[in-house]
Amino acid sequence: MLKRTHMCGELRIDHDGQTVTLAGWVNTYRDQGKGLIFIDLRDREGLMQVVFDLEDVGEHVVTEARSLRREDVIAITGLVRKRVGDPNPRLATGEVEVMATKLEVLNKTETPPILPDEHDAQKIAEEKRLQYRYIDLRRPRMQHILRRRFEVTRITRQFFADHGFIEIETPCLIKTTPEGARDFIVPSRAYPGQWYALPQSPQIFKQILMASGFDRYLQIVRCFRDEDPRADRQAEFSQIDLEMSFVDRDDIITLMSEFTRHLWMKMLDIDIGDIPVMSHQEAMDRFGIDRPDTRFDLELTDVSDLAAKTEFRVFQDALAKDKGVVKAIRVPGGAAKMSRKITDGYSEFVKTFGAGGVPTVKYTENGYETGVAKFVAPIADELKQRLGLEVGDLVFFGADTNTVVCRALGELRNKLARDLELIDPTAWNFLWVVDFPMFEYDAEQGRWVALHHPFTGPMPGEEDKLDDDPGGCISAAYDLVCNGSEIAGGSIRIHQPPMQQKVFRLLGINDEEAEQKFGFLLRALRYGAPPMGGIAFGLDRLVMLLVGTNNIRDVIAFPKTQTGQDLMTEAPGPVDPQQLEELHVRIELPNDTPAPAGAG
RNA sequence: GGGGCGGUAGCUCAAUUGGAUAGAGUCCCGGACUGUCGAUCCGGUGGUUGCGGGUUCGAGUCCCGUCCGCCCCGCCA
């Protein structure tokens with residue numbers, strides 16, 4: 001085999017006159033006739049034009065070169081020279097070419113079902129790209145993304161190593177825990193009827209490592225949650241997981257801000273500066289969402305008191321509800337931009353988030369027009385003043401319980417910003433959101449559920465509320481938000497057994513159950529656990545932001561589809577009956593399960 | 001579990017109101033061409049219209065079911 005001396009993408013005019021050997025894939029071929037063939041040879045570093053010319057080399061080489069097709073794997077030896085024809089400014093290597101003297105076909109390809117061609121990449125169905133992932137990953141864009149991902153993890157490990165963190169692996173086969181997402185489970189062969197679970201996160205293990213005295217822990221770790229994926233969510237994903245001992249909330253926020261700033265500087269050469277902090281309450285009030293995108297305005301304004309003065313049934317009904325509110329979004333200049341058809345579309349949009357619709361009114365030189373104009377007449381001036389209305393504005397209202405209004409208008413706000421192109425694509429707006437409530441009451445289950453997780457502690461001074469006002473208790477949790485996307489979340493943990501017990505009880509976990517499910521953690525806390533706190537960054541989302549994609553599958557080498565399949569390996573798949581027998585597992589299919597396979 | 005969009009040649013798409021032999025580009029195959037660069041030009045192969053059923057003289061098109069992909073709701077401590 002010809003031994004490679006250089007990479008395709010690295011050759012420049014400086015290499016003029018050198019004899020080199022390259023290896024890679026035939027990106028394109030241009031056959032100019034019996035005696036002249038151009039090959040663009042591709043490796044991970046780029047493209048290099050290789051010339052086979054009957055005037056330079058023997059006929060057998062040229063003949064074999066003529067048979068080359070896209071994606072054949074070859075090695076060539078030849079002379080680097082300034083291009084005889086015009087240089088190609090679109091290639092980094094465009095000033096030179098390699099005049100081939102030897103050709104070795106390392107692997108003749110069958111006709112590829114798809115080509116790793118950036119021209120076609122947008123058009124090829126993602127289904128095909130996932131099915132033939134090994135070909136799609138040859139695309140420069142995909143190679144770039146995965147290399148950027150590697151840079152992120154390398155910078156991360158270096159940064160935290162420099163700050164005294166130790167990377168420690170935690171197990172993948174663990175005990176199932178209540179709370180949280182659905183577990184993936186693994187049957188035990190040695191213990192019939194017993195099961196492992198795959199970790200939703202290494203949460204408890206990292207706390208135990210703090211109890212073990214490691215002081216600062218880091219792990220770039222795979223997590224598993226058996227829930228339906230989304231564009232930015234996979235059942236199997238990666239976290240940059242961190243935990244520190246003897247720290248308070250601000251210690252963590254300070255260090256993690258420094259890390260984030262460092263990462264953006266290293267990756268993008270951009271200084272994001274200091275990261276502002278906002279309370280959960282303020283985020284909900286102003287933006288209707290706990291991960292506000294602060295790159296644009298369109299903030300929510302409470303107009304409940306004004307709405308109460310109207311005769312509008314929708315407002316009145318909403319205000320009659322427990323925690324009923326009416327809020328408004330002012331869209332500057334929206335009157336001219338939005339037809340009835342468009343605002344009806346937004347009405348449908350908010351309905352998916354539980355709102356009944358989105359009442360609308362335009363403010364023009366003639367006063368309020370269209371929509372709910374006649375209902376707001378009694379509050380015309382007050383509303384104008386409250387919202388700071390100017391001629392040409394449009395107002396959207398949300399009227400329902402506070403939860404529903406926040407959700408609907410919060411999502412509408414984001415959608416409006418996208419539709420109206422109010423978002424500066426170069427902006428990086430980071431934000432810490434703090435002071436989350438400890439619990440949220442789940443009416444369906446009739447109990448409190450942890451907003452963060454059951455090991456999150458209350459903020460200092462909030463402890464007493466656990467007894468008399470759990471819903472009002474503020475936790476020591478924090479989320480890091482970037483451009484409206486949650487990229488990290490964490491908390492100061494409970495490190496004393498009585499507090500942990502109290503929280504478990506509030507969550508409806510009695511002492512017996514706590515001992516059975518979390519006994520090892522409670523014992524670890526009893527035997528001397530330091531104050532501690534930590535955070536986890538969503539690695540996939542970090543990379544998505546840094547490379548500018550909104551498809552999580554782009555940043556994962558071998559992702560799964562929205563139904564959890566791997567289209568390349570065709571996982572999940574059946575197992576041998578003997579395997580089931582060894583595991584003491586019997587399958588009982590639901591009645592309506594169709595016979596597998598055969599589908600297009 | 002629910003809603004929306006999609007599935008036609010290896011790939012990307014078209015096909016009138018339900019009407020003739022399902023077309024085009026590209027890939028691939030053959031031919032021409034010595035400076036191309038998403039090469040060009042000429043010719044050719046290539047189809048279970050995702051799958052199953054139904055309506056009809058006739059179905060890519062209409063109906064029912066189902067599978068797959070994407071987006072969303074639910075879910076995701």
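In what follows, every heavy atom counts, from backbone to side chain, and hydrogens, waters and symmetry copies are set aside.
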Report the base-pairing partner of B:G35 (Watson-Crick or G-U wobble, both distances below 3.5 angstrom), or none.
-> none
With nearest nucleotides of RNA chain B determined for A:R70 and A:R553 from heavy-atom distances, which residue corresponds to the more 5′ nucleotide?
->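 The answer here is A:R70.
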Take A:D53 and A:A231, find for each the nucleotide of RNA chain B with the closest heavy atom, and name the residue whose nucleotide sits nearer the 5' end.
-> A:D53
Does [X] make a side-chain donor-acceptor contact with the base of [N], cut-off 3.5 Å?
X      : N     : answer
A:R225 : B:C76 : no
A:Q565 : B:G69 : no
A:R81  : B:G35 : yes
A:R30  : B:C33 : no
A:Q49  : B:U36 : yes
A:D228 : B:G74 : yes

Roughly how many Å is it from NZ in A:K123 to P in B:A14, rounded to a whole number?
->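 Distance check: A:K123 NZ to B:A14 P gives 12 Å.
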Looking across every strand, which nucleic acid part, if any, lies under 4.0 Å from A:T456 by heavy atom: base, sugar-phosphate, or nothing?
->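 No contact.
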Between [M] and [N], how far apart are the [atom1] atoms? Round to whole Å, please.
N     : M     : atom1 : answer
B:A14 : B:G54 : C1'   : 28 Å
B:U61 : B:G6  : C1'   : 16 Å
B:G44 : B:C5  : P     : 40 Å

Considering the options A:Q200, A:E179, A:Q203, which one meets the side chain to side chain contact (heavy atoms under 4.5 Å, CB included) requirement together with A:H453?
->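 Exactly one option meets the side chain to side chain contact (heavy atoms under 4.5 Å, CB included) with A:H453, and it is A:Q203.
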Which of the following nucleotides, B:C33, B:U36, B:C11, is nearest to the side chain of A:D31?
->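 The nucleotide sitting nearest to the side chain is B:C33.
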Which nucleotide in the list B:C29, B:G74, B:C71 gets nearest to the side chain of A:R230?
->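 Nearest listed nucleotide: B:G74.
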Aromatic contact, A:Y29 with A:F38 (centres under 6.0 Å) |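 Not under 6.0 Å, so no.
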Atom CZ of A:F353 with >12 non-hydrogen neighbours under 6.0 angstrom | yes
Test log, rule salt bridge (charged side-chain N to carboxylate O under 4.0 Å, His left out), inputs A:E126 and A:R553 | CA-CA 10 Å; A:E126 193 172 8; A:R553 294 175 298 278; 2.6 Å; yes
